[in-house]
Structures are given as structure tokens and as C-alpha cells.
Amino acid sequence: AGLAYGSQIKSIKMGVATTPTGNPVTDMANAITDAAAHNLVSVINFSHYGGPWSPALVDVSGICLAIDRAVVDRPTNTPRAVFVNAVGNEGADGYFYPARCNDSTHSHHATLTRKDLFITVANSVSVVTTACGSVPVDQRCSTSNYGAWVDIAAPGSAIRTTTTPHTCELCGGNPCPVGACPGSPCPTDYCPVWHYSSPTGTSFSAPMVSGAAAILKSCGVPLDQIESALTTRVDPLNPLHPLKVINFPFGTSAPRLDVYRALALRNHAPTGVALSNGSINENTNTGAGFEVGVLSAIDADTCDKHTYSKVG
């Protein structure tokens with residue numbers, strides 16, 4: 001919401017299994033299914049991961065299938081959402097889910113058929129911090145997972161955000177009214193104090209990409225083109241300014257999030273547009289080579305800005 005502050009948010013609480021007989025794979029699939037049940041959702045952010053789980057030992061196909069069902073409307077087989085997932089914070093290229101469903105080299109992931117609607121996000125350093133091994137800006141945070149199955153990297157270091165209350169205080173020296181904080185872990189005559197903090201992790205990188213996806217969606221970019229708009233490394237109209245790339249170990253890499261550039265890729269003016277002579281100011285020099293009229297317009301449906309000129 002910080003990036004796309006006009007978006008509406010629906011929070012889904014995932015019941016992570018903590019008992020020895022629990023099944024975190026099922027919990028994860030159920031949470032994804034629950035999020036997809038809200039048909040008005042265009043972007044699903046999943047800042048959670050599990051693993052490493054070997055596909056040979058753990059059946060992960062249900063997780064990949066839940067994502068597939070969440071992003072595609074099966075009766076019409078048309079896209080209905082983009083799913084954005086944090087890749088995890090183990091500093092490894094392992095089998096972490098749901099993100100590893102993006103890896104097409106394993107048959108266990110075949111139940112996710114629309115990988116163009118699934119965006120996996122690593123953590124690129126935006127603020128130098130010991131939590132990322134003090135690596136420089138625009139490098140992979142040392143704790144971030146990585147691999148060829150990662151689509152993009154986004155800022156996730158020392159992200160200023162709110163936290164759940166962890167202290168109970170008498171507000172202003174006066175006890176809070178009874179019932180003022182329902183469900184609070186604090187005593188009846190105390191109020192919880194909410195805090196700000198600056199945590200680090202891919203859980204904070206993924207919402208950056210989700211916000212970018214929401215912006216692109218609001219600008220008319222089709223759901224199945226959002227990933228390519230965010231991850232295209234070279235603009236054919238501006239090849240000298242490629243997208244910043246975050247290098248991973250063992251020769252893999254991912255582009256760093258650049259919302260402005262993603263929008264610029266969509267800003268291709270249509271042809272066949274002309275200015276009328278009525279737009280030329282009186283006494284304007286209309287000799288050959290002089291610009292005699294300029295029109296700028298923003299397409300409300302696509303967020304594109306076009307500038308047209310008429311030359312005398």
C-alpha cells in the first residue's frame with residue numbers, strides 16, 4: 001500500500017500448523033485458495049514461505065495448483081490475478097515454496113501452468129544494514145534466497161513499517177477505558193502501544209512488487225503482461241539504459257524493480273495523430289523547420305503521456 005497507496009487491501013490470516021501432526025503444505029494451499037475466493041482481487045501478495053522441502057519427499061503439487069487456480073478463471077481460461085511471492089530468507093538456492101513452483105524444470109511444479117501470472121521476489125539492498133551482511137546498495141541481501149527461478153529483486157532492507165503491539169502502558173498516565181482495545185493481550189486498564197520498526201526480509205520486498213503490479217493494472221496493463229513489463233531488461237526503444245540487474249551466486253541474476261521504467265515501456269505514442277492549424281498561435285513563424293504547435297495529453301486508461309508536434 002505504500003507504493004500503491006490508493007489500493008484497497010484485504011488481509012488473509014494463514015493458519016500455520018505448529019503441531020507435529022499439522023500439514024504446513026495444506027495450510028499454505030488453503031490460504032492461497034482463501035485469498036482467491038475474493039473475486040475482486042487483482043494482485044495477491046504472499047509474504048510467506050516454507051521449506052526447504054524436497055519435491056521427492058513432500059508433495060508440493062497442491063501448492064502450485066492452488067496458485068494456478070487463484071490466477072486463472074478456469075471456465076474462461078482468462079487471467080484474473082497476479083500472484084507475488086517472497087522467495088524467503090535462508091540465503092540459499094533451495095526448494096522453498098510457493099516460490100519454487102516457478103521452476104519449470106521439475107514435473108512436481110507442472111500444476112502451475114501460468115507462470116506469467118506468478119512473480120517471485122528476492123531482496124535487493126536499498127539501505128546498507130548488518131541484517132543484509134552490510135553489502136552495498138543494489139546488491140542481493142545476504143539472507144535472501146536466490147536462483148534461476150527468481151523473477152525480480154526489490155528493496156527489502158530496513159523497511160519502515162508498523163509492528164504488532166508488544167508493550168502495555170497506561171496511556172498518558174490514565175488507564176484506558178475498559179473495552180477500548182478488544183482482543184488485546186494487555187490487562188483491562190492498560191492499552192497496547194503500537195510501534196514502528198525497520199525490519200529486513202523478502203516479506204517486505206514482495207509488497208513493493210505487488211504495489212507496482214497494482215499501479216500497472218490501474219494503468220491498463222493486462223494481467224498477463226505485468227511480469228514482463230517489470231522484468232524486461234532491455235527497452236528496444238532505449239537500449240542504452242538497461243534495467244539494473246542484481247547478481248546472484250553461480251551466475252544467476254534478476255532485474256531490480258523500477259516502476260518508472262516499467263511505465264515508460266508502456267509509453268509508446270500511437271501513430272496517425274495530427275494537430276489542427278487552429279492550435280497555431282497568431283504571428284507564429286511557420287517557416288520550414290520551426291515547431292508551430294505542441295499538444296501533450298495523458299491517456300486516463302493507460303497512464304501514457306504523449307507529446308505531439310507540428311512542424312512548419
Side-chain angles (χ1 to χ4, degrees), residues 1-14 31-49 66-73 78-87 98-99 101-102 112 114-124 126 150-157 159-162 199 201-232 235 243-244 246 254-268 298-305:
L3 193 60
Y5 52 85
S7 302
Q8 295 182 336
I9 297 176
K10 171 67 177 178
S11 298
I12 303 295
K13 184 176 181 179
M14 177 178 162
I32 296 169
T33 301
D34 190 15
H38 302 276
N39 293 326
L40 296 179
V41 173
S42 298
V43 180
I44 299 174
N45 181 82
F46 201 76
S47 288
H48 183 76
Y49 71 98
I67 297 172
D68 200 68
R69 290 175 173 172
V71 299
V72 177
D73 181 57
T78 56
R80 68 174 183 177
V82 171
F83 193 99
V84 181
N85 183 213
V87 301
C101 290
N102 204 36
L112 175 57
R114 295 300 303 268
K115 292 180 172 56
D116 57 328
L117 298 171
F118 183 48
I119 306 176
T120 54
V121 188
N123 181 0
S124 61
S126 53
V150 178
D151 292 314
I152 194 170
S157 59
I159 302 300
R160 190 70 169 165
T161 185
T162 54
T202 56
S203 287
F204 306 96
S205 303
M208 297 286 187
V209 175
S210 293
I215 291 173
L216 292 174
K217 171 66 170 57
S218 71
C219 290
V221 179
L223 292 171
D224 56 359
Q225 295 179 25
I226 287 176
E227 180 186 1
S228 62
L230 291 172
T231 60
T232 297
D235 181 357
L243 195 60
K244 177 68 179 180
I246 306 299
R256 189 204 63 196
L257 177 66
D258 188 333
V259 184
Y260 176 83
R261 188 176 179 281
L263 288 169
L265 282 172
R266 302 289 302 180
N267 190 6
H268 297 161
I298 296 179
D299 189 328
D301 293 325
T302 64
C303 301
D304 290 347
K305 182 177 181 179

Hits for side-chain hydrogen bond (donor to acceptor under 3.5 Å, both in side chains) against T202, two or more places apart or cross-chain, chain-then-number order -> N89
Applying side-chain contact (heavy atoms from CB on, under 4.5 Å) to D116 and not counting sequence neighbours gives R114, D224, E227
OG of S42 to CZ of R80, rounded to nearest 0.5 Å, is 11.0 Å
Closest non-hydrogen atoms of A213 and I226, given as atom of the first, atom of the second and distance, are O-CD1, 3.7 Å
Between the OG atom in S210 and the CD1 atom in I215, the distance rounded to the nearest 0.5 Å is 11.5 Å
Taken in chain and number order and not counting sequence neighbours, the residues that satisfy side-chain hydrogen bond (donor to acceptor under 3.5 Å, both in side chains) with S47 are N45
OG of S124 to CD1 of I246, rounded to nearest 0.5 Å, is 5.0 Å
With sequence neighbours left out, the residues meeting ring pair (Phe, Tyr, Trp, His ring centres under 6.0 Å) with F118 are F83
> Cut-off 3.5 Å, side chains only: do T120 and D151 have a donor facing an acceptor?
Replying inline: yes
query: Is the shortest heavy-atom distance from the side chain of I119 to the side chain of V82 under 4.5 Å?
result: yes
Those residues at least two apart in sequence (or on a different chain) that pass side-chain contact (heavy atoms from CB on, under 4.5 Å) with S126 are P155, S157, I159
In terms of heavy-atom contacts, L216 and A229 come closest through CD1-CB, 4.1 Å
For D258, the salt bridge (charged side-chain N to carboxylate O under 4.0 Å, His left out) test, sequence neighbours excluded, returns none
Rounded to the nearest 0.5 Å, the CZ atom of R69 sits from the CD1 atom of I67 at a distance of 12.5 Å
For A214 and S7 the tightest heavy-atom approach is CB-OG, 3.7 Å
Counting C-beta onward and ignoring hydrogens, is there a side-chain heavy-atom pair between T232 and L243 closer than 4.5 Å?
no
Sorted by chain and number, sequence neighbours left out, side-chain contact (heavy atoms from CB on, under 4.5 Å) with A154 holds for V121, S205, M208, V209, L257
Residues passing the side-chain hydrogen bond (donor to acceptor under 3.5 Å, both in side chains) test with T161, sequence neighbours excluded, are none
ask   = Any donor-acceptor pair under 3.5 Å linking the side chain of D73 with the backbone of T78?
value = no
When every non-hydrogen atom of V259 is compared with those of A212, the smallest separation belongs to CG2-CB, 3.8 Å
Those residues at least two apart in sequence (or on a different chain) that pass side-chain contact (heavy atoms from CB on, under 4.5 Å) with A70 are I32, A36, I44
Closest non-hydrogen contact found for A86 with Y49 is O-CB, 4.2 Å
Rounding to 0.5 Å, atoms CD1 (I152) and OG1 (T231) come to a distance of 6.5 Å
By salt bridge (charged side-chain N to carboxylate O under 4.0 Å, His left out), R256 pairs with (sequence neighbours left out) D138
